[in-house]
There are 2 protein chains.
Amino acid sequence: MRHALMTLLAALGFVTPGPINASNSETTAGGPVSYIVYPIGWVRRSDDKTFIEVDKRFLPALMGVDELKSIWVLYWFDRNDTPQKRSMLRVHPRGNPDNPLRGVFATRSPLRPNPIALSQVNVLSVRGSLIEIDGIDAFDDTPVLDIKP
Amino acid sequence: MRHALMTLLAALGFVTPGPINASNSETTAGGPVSYIVYPIGWVRRSDDKTFIEVDKRFLPALMGVDELKSIWVLYWFDRNDTPQKRSMLRVHPRGNPDNPLRGVFATRSPLRPNPIALSQVNVLSVRGSLIEIDGIDAFDDTPVLDIKP
C-alpha cells in the first residue's frame, strides 16, 4: 500500500522514484557520486542576540571576517535531513495549500535533495569564535557549513 | 619532516591541526557530525553556451524555474575535495602572494573546509533537463548541489 502510494507520488513528480543514494546516483566520468560536508560552526541564540559560533579548529579561517559588513551563511536544515524529506520534488510554497505547486528548485523550501540553506546576514562583531549577526532564519544549534563574503 | 611542517603550519593557523573527519568532529547534542550531499546536476559547456543539466530524476523539481530571472547555484569544487585542500584555513586571495593573507571564510577561495561554491546566474531558458544560463565560473562537468530562487 505504501509502495503503491510512493509509486503514484513519483509518477506525479512529487517525489523521486526511489531513494537517492550513492549506489544509484548517476556519476560523472568515474568521479564520486556523493560528498561529505561537516559543520564548521553552529547558530547560537542567546536572549535577543544571534551568533555563529565557529568550531575552534577553524578559528584562523575567520581572519578578515570582522572587516566584512555582511556575509553569506550556508547552513544545514538538519531537521529535514531524512531520505523522505530529501526526496520531495514539488511543494506548496510556505506549506500553504493555496499556493500553487512549485518545484523545490524554484522555492526556498527546506525540503530539497540537499538541504542546504543560504542567507545573507550583517556582521555586528567578531569576538574570538563568535560572530554576532543581526539575525538568521534558523533554529538554535543549526549546523553551519560555510561562510563567504 | 612532513609531520613537523604540518605541525608548524597548524601552529601558524594556515591549516587545521590534523584531518577533519567524522571521528574527530565536534558534535551537537548527539547529532551527526557529517552529512552527505550528492549532485543534482552538472555544469555543461557547449561552444559558447553554458547549461546546468539537471539529473533526470530531479526534473519535477524544476517546475517554475523558467519563470525566474536569476537563480543561485550551489556547486562543488570537486577538484579541491582533498583532505589537504580542505584543511587550508588562510590563503593569499586569488593565489597572489602580494595579497595579504586572509581567512578562507573572508574569501571566495575554492580551498575551504566544505568546498561549496555559490554563484548567482541569469536564466536564459529551461528546456527539459537543461537550464541555459549566462555563464558561471566553473569547469565543465562540475557537480551542482542545489538551485534556489
Side-chain angles (χ1 to χ4, degrees), chain A residues 12-18 20-22 25-26 28-29 31-40 42 54-65 67-68 71-72 74 76 78 81 88-90 100-108 112-116 118 141 143 145-149, chain B residues 12-18 20-22 25-26 28-29 31-40 42 54-65 67-68 71-72 74 76 78 81 88-90 100-108 112-116 118 141 143 145-149:
Chain A
L12 294 172
F14 281 89
V15 300
T16 53
I20 305 294
N21 55 47
S25 283
E26 289 183 30
T28 302
V33 293
S34 65
Y35 312 104
I36 303 284
V37 296
Y38 40 74
I40 57 94
W42 299 270
V54 172
D55 183 325
K56 287 191 171 51
R57 291 172 305 168
F58 299 105
L59 213 49
L62 285 184
M63 186 173 68
V65 170
E67 294 165 27
L68 302 173
I71 49 177
W72 291 95
L74 279 65
W76 192 251
D78 54 338
D81 185 5
M88 295 297 297
L89 298 178
R90 289 180 173 168
L101 272 180
R102 299 208 100 189
V104 294
F105 295 150
T107 80
R108 289 291 187 121
R112 50 202 318 115
N114 293 307
I116 302 173
L118 172 66
D141 295 334
L145 302 180
D146 201 6
I147 295 167
K148 297 177 187 298
Chain B
L12 293 173
F14 281 91
V15 300
T16 54
I20 304 293
N21 54 47
S25 284
E26 289 184 30
T28 301
V33 293
S34 65
Y35 312 103
I36 303 284
V37 296
Y38 40 74
I40 58 93
W42 301 270
V54 173
D55 183 324
K56 288 190 172 49
R57 292 172 305 166
F58 300 104
L59 213 49
L62 285 184
M63 186 172 67
V65 170
E67 295 166 26
L68 302 173
I71 49 177
W72 291 96
L74 280 65
W76 191 251
D78 55 338
D81 185 6
M88 294 297 297
L89 298 179
R90 288 181 173 167
L101 273 180
R102 298 208 100 188
V104 293
F105 295 151
T107 80
R108 288 292 187 120
R112 51 203 315 117
N114 293 308
I116 303 173
L118 172 67
D141 296 334
L145 301 181
D146 201 7
I147 296 167
K148 298 178 187 295

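So you know, we letter chains A, B, ... as the sequences are listed, proteins then strands, and number each from 1.
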Query raised in the report: Which bit of A/Leu68 comes within less than 4.5 Å of chain B, counting heavy atoms only: side chain, backbone, both or neither?
Result: side chain
**Report entry** Point-to-point distance, once rounded to the nearest 0.5 Å, from CG of A/Leu145 to CD1 of B/Ile116
**Finding:** 5.0 Å
Query raised in the report: Can you tell if the side chain of A/Pro113 reaches within under 4.5 Å of the side chain of B/Tyr38, non-hydrogen atoms only?
Result: yes
Query raised in the report: Counting distance only, does the side-chain N/O of B/Tyr35 pair as donor-acceptor with the main-chain N or O of A/Pro39 below 3.5 Å?
Result: no
Requested in this report: Can you tell which part of A/Leu101 gets under 4.5 Å to a heavy atom of chain B, answering side chain, backbone, both or neither?
Outcome: both
Report task. Report the distance from atom CZ of B/Arg90 to atom CG of A/Leu62, rounding to the nearest 0.5 Å. Result -> 9.5 Å
Query - Test salt bridge (Lys or Arg N to Asp or Glu O under 4.0 Å) applied to A/Arg112 - qualifying residues, sequence neighbours left out - result: B/Asp146
**Report entry** Nearest atoms (heavy-atom pairs only) where B/Gly64 meets A/Ala106
**Finding:** C-CB, 3.7 Å
Requested in this report: Could you tell me whether a side-chain N or O of B/Arg108 sits under 3.5 Å from a main-chain N or O of A/Pro149, the two making a donor and an acceptor?
Outcome: yes
**Report entry** Segment of B/Leu118 engaging chain A (4.5 angstrom heavy-atom cut-off)
**Finding:** both
Query - Option that, when pairs with chain A are counted at under 4.5 Å, heavy atom only, ranks first among B/Leu89, B/Asn114, B/Ile147 - result: B/Asn114
